[in-house]
Amino acid sequence: EVQLVESGGGLVQAGGSLRLSCAASGFTFDAYAIGWFRQAPGKEREGVSCISHSDDSKYYAESVKGRFTISSDNAKTTVYLQMNSLRPEDTAVYYCAAVPDHKRSWRGWDLARQYDYWGQGTQVTVSS
């Protein structure tokens, strides 16, 4: 059974940091790309970051570049999202998702519908 389990969300003040974890199981971890998405109330789901295990490429949304860092621990089959300098506009439910690297869409890593598996999400709230 495929599982993606996010953890690490919480309430933090603006300027603070959080590290999200996405623990994966049930599929060949190093053959998949793992993406992070977020959805704020009343807004569409948006891509935050992605790591491709086939070539270790990393991608970031413009809004988080320089503040967020994605990394992966293959031994633990876990992907992390280190979030620094958090802003109130980062408040959202954060989801991780997985897609086989060979199936990634040429339209871009942030196309949500290409991802086969999704976690249940973790809430991140940044207070001003």
| field | ILVMFWY clustering at 4.5 Å (side-chain atoms), partners of V79 | value | V2, L4, V12, L18, L20, F27, F29, Y32, I34, W36, V48, I51, Y60, V64, F68, I70, L81, M83, L86, Y94, Y117, V124, V126
| query | Nearest heavy-atom pair of Q114 and K103: which atoms, and what distance? | reply | OE1-O, 4.3 Å
| Taking everything shown except K58 itself, do over 12 heavy atoms lie less than 6.0 Å from its NZ? | yes
| request: Measure from NZ or CZ of R45 to the centre of the six-membered ring of Y95 and say whether it is under 6.0 Å with the direction within 45° of the ring axis. | output: yes
| query | To the nearest 0.5 Å, what is the distance between CH2 (W118) and SG (C22)? | reply | 10.5 Å
| task | Give a yes-or-no answer on whether the side chains of T91 and E89 include a donor-acceptor pair shorter than 3.5 Å. | result | no
| query | Within the side chain of T78, is there an N or O that forms a donor-acceptor pair under 3.5 Å with the backbone of A23? | reply | no
| note | Separation between CD (Q120) and SG (C96), nearest 0.5 Å, reads 7.5 Å
| task | Taking all non-hydrogen atoms of both residues into account, name the closest pair between A92 and A40 and its distance. | result | CB-N, 3.8 Å
| field | Spacing of CG belonging to D30 relative to OG belonging to S72, to within rounding of 0.5 Å | value | 9.0 Å
| note | Between R38 and S63 the two heavy atoms that sit nearest each other are NH2-OG, 3.5 Å
| Closest non-hydrogen atom pair between S17 and S85, with its separation | OG-N, 4.4 Å
| request: For R67, check salt bridge (Lys or Arg N to Asp or Glu O under 4.0 Å) against everything at least two apart and list the hits. | output: D90
| task | Report the residues that fulfil salt bridge (Lys or Arg N to Asp or Glu O under 4.0 Å) with D73, sequence neighbours left out, ordered by chain and then residue number. | result | none
| task | Starting at NE2 of H53, measure out to OG1 of T77 and round the result to the nearest 0.5 Å. | result | 9.0 Å
| field | Least distance between heavy atoms, W109 atom then C50 atom | value | CE3-CB, 3.5 Å
| task | Grab the two heavy atoms, one from E6 and one from G121, that are nearest each other, plus how far apart they are. | result | OE1-N, 2.9 Å
| Nearest-0.5 Å distance, OG of residue S57 to CZ of residue R104 | 6.5 Å
